[in-house]
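Notes follow the structure.
Per chain, numbering begins at 1; letters A, B, ... match sequence-line order. Nothing here was measured: the structure is a model prediction, and the numbers come from that model.
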There are 2 protein chains.
Amino acid sequence: MPKKRILPFIILGIINNHPQITGREITAEFDTEIGDFWRASHSQVYPELKRMVNDGWIYDATSKDNAKERYYTLTDEGREILNKWLGQLVTDLPVHEDLFSLKLFFIKDKHDKRIPQLIARQLVLLKKDLKYLMQRRQTVFPNEKTIQNNYGHYLILARAISRTQGQIQWLKDTQKLLKEEQ
Amino acid sequence: MPKKRILPFIILGIINNHPQITGREITAEFDTEIGDFWRASHSQVYPELKRMVNDGWIYDATSKDNAKERYYTLTDEGREILNKWLGQLVTDLPVHEDLFSLKLFFIKDKHDKRIPQLIARQLVLLKKDLKYLMQRRQTVFPNEKTIQNNYGHYLILARAISRTQGQIQWLKDTQKLLKEEQ
DNA sequence: TGCTGCATGTAAGCTGTTACATGATTTA
DNA sequence: TAAATCATGTAACAGCTTACATGCAGCA
């Protein structure tokens, strides 16, 4: 059995949220909205769209204005497949492929200077990420109504913020601990 | 430029922690200790070991007891490469490829029944994981001395526990919130 | 001596990345 | 009309997964 493909389901979800979307706009979603928990480049997206049209999950239309653009929309079958996928419960936690943990793992000595260095860098990265996430929450969800209209999206953004804050707090605590005991 | 390979560095780290280790034991590390933040199967490990011997990062020895087993140890060059890698600071945060977030993302309606279902399942998975992590902290680090001898490992285990607890708390809070407003 | 697990290895195939490539559209 | 960006597509290749395969060691 090959590795389970989930890219087509993500694309179904994107098209469902934005009917008449182009391949380029779908690709852009992976750089912004979805980028926190999945990545895909345009060279993955275009062939996938072709396959999905071929399988009858979506259909495409062209416009007179722009000869090259193709506008994709879900078929009934596609909508059905998306809903079925959304209803299937998750069976496993993801593996956090994390260079920070990996490097720490191999450092044995408590007083190794690389430990505070790695922590300091991780803090910089996480703080920058937190700032970005909070700014996005403000722009994407400026009022209660926008939250109600996209509740799942709101939830995971809130979750990402909470998680990042938690990690920052833990790193700060550890940093302090190491300094005190040094 | 191809995707950056980090598997050989992980293997260097493992061999450094356990000189005279076999390929099978290295593979086992990915199922236990390192499994939380990196995965690799034996069909990846064995060819990689061959390459690393070829490149002079490690050397292998055989035993009379077990003709098939090969015992790997770092060369000076390998040790140097490992330390250089450990000293290089991380430049990017990892992408959390996460089905839970992904599915929530595509559910718009606040009252969609799949939201509490997904959350409940995620709680089950995280609680199970937390239990496993805490049990491991107890067995791997039974006393202060074992902590001092493998401080980096201790840190990331503590971090994983903290992160998991944070996620559980957030999910519980959200679950409660949804129930109240239902 | 048959079975289970140890130990290593190879092959096929799929996913995803980077790079290369082309033409259309908009803007200066 | 030249440059930048839009929009799509293909090619080569690296990385990883699953499955297939072989022989040895220990045990009943």
Without decimals, in angstroms, what is the distance between [X] [atom1] and [N] [atom2]?
X: B:I6; N: C:dT17; atom1: CD1; atom2: P; result: 14 Å
X: B:I11; N: C:dT8; atom1: CD1; atom2: P; result: 12 Å
X: B:R24; N: D:dG23; atom1: CZ; atom2: P; result: 18 Å
X: B:Y46; N: D:dG15; atom1: OH; atom2: P; result: 21 Å
X: B:L49; N: C:dT10; atom1: CG; atom2: P; result: 12 Å
X: A:D31; N: D:dA7; atom1: CG; atom2: P; result: 14 Å

At 4.0 Å (heavy atoms only), tell me whether B:T27 reaches a base, stays on the sugar-phosphate, or touches nothing.
nothing

What does A:E69 touch in the nucleic acid at a heavy-atom separation under 4.0 angstrom: a base, only the sugar-phosphate, or nothing?
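Sugar-phosphate contact only.
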
Just N and O in the side chain of [X]: are any of them under 4.0 Å from OP1 or OP2 of [N]?
X: A:Q44; N: C:dT17; result: yes
X: B:T22; N: C:dA7; result: no
X: B:K4; N: C:dG16; result: no

Taking the six-membered ring where the residue is Trp, are the ring centres of A:H111 and B:Y151 under 6.0 Å apart?
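They do not qualify: ring centres at least 6.0 Å apart.
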
Looking only at the side chain of B:S43 (C-beta and beyond, no hydrogens), which of the listed nucleotides D:dA19, D:dG9, C:dT8 gets closest?
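Of the options given, the side chain of B:S43 lies nearest D:dA19.
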
How are the rings of A:H153 and B:F105 set relative to one another: parallel (under 30°), tilted (30 to 60°) or perpendicular (over 60°)?
tilted

